[in-house]
Every structure is written in C-alpha cells, then in structure tokens.
Amino acid sequence: MRARDKAAVSALRGTLAALDNAEAVPVEAVPRAGALEASPVGAGATEAARRDLGERDVVGIVRAEASERLEAAAQLTAPAHAARAERLRAEAAVLLRFLDGVEDTADDVGADA
C-alpha cells in the first residue's frame, strides 16, 4: 500500500487520536500527591489507568468524527475551499464505511440473542 489514500490516512489518524483522548482519565479523577515523602515511587507509579471503551463508545466516537467532517464540509461553500470540502467528505466516507461493517455485525449479534 505504497500509494496511500491520503483521505483514509487522515481520517484514521484523527479518529485514533479522538479514541485515545476518550480513553484518558479526567484530571479530577487522578489523585494528587501531598508531601514528597508520601509520593509513589517506582516505574509507572504515577501512571493512571486508562478508561476502557465499549463497542458502543467507539462507534459513537467514529460517528461523531464523520459527522464533524460532513458539517465542516457543508460550511465550506466558497469555490476556493472546494478541494478541502471534497477531502472532508472523502474522510467521512471512509469512517462511514467502517461503521457500516460494525453495524451489520451488531445487527447479526442482536438477531442471534
């Protein structure tokens, strides 16, 4: 895949970043250290566990990323921005293709239950 699909690469990178941000623990949930001598010691002692996202969370984030791209493309109405709007639509299409596969699988699982 040497000839990369720039729209797909951009969409996937942005969505992976959004997923990574969603897994982050809110700052309020991280315990604050008091005195230096009470601080945790050792490799990884100050690391906070990341949140686990379920399939619905991931689908929601991917859907939101696609929606953001479509909304931004709709706002770019000037002819000078036509290329950028088309690229945003292409990125949204890439993300929506992934959602189609996930939703079909979820429907199959739901029908079996």
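Here the structure is a predicted model, which is why all the values come from computation and not from measurement.
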Which heavy atom of [X] sits nearest a heavy atom of [Y], and at what distance?
| X | Y | answer |
| --- | --- | --- |
| Glu91 | Ser10 | OE2-OG, 2.9 Å |
| Leu19 | Leu53 | O-CD1, 3.9 Å |
| Arg51 | Ala24 | CD-O, 3.9 Å |

Legend entry - Hphob cluster co-occupancy, Val94 + Val9, side-chain heavy atoms under 4.5 angstrom: no

Inset, instruction - Please check if Leu76 and Leu95 belong to a single hydrophobic cluster, counting links between Ile, Leu, Val, Met, Phe, Trp and Tyr side chain heavy atoms closer than 4.5 Å. - result: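 No, Leu76 does not connect to Leu95 through the hydrophobic network.
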
Legend entry - side-chain hydrogen bond (donor to acceptor under 3.5 Å, both in side chains) involving Thr15 - partner list, sequence neighbours excluded: none

Legend entry - Counterpart residues, side-chain hydrogen bond (donor to acceptor under 3.5 Å, both in side chains), relative to Asp20 (two or more places apart): Arg50

Inset, instruction - State the CD-CG distance between Glu23 and Asp52, to the nearest 0.5 angstrom. - result: 7.5 Å

Enumerate, atom names and distances included, each donor-acceptor pair closer than 3.5 Å involving a side-chain atom of residues 78-90, sequence neighbours excluded.
none

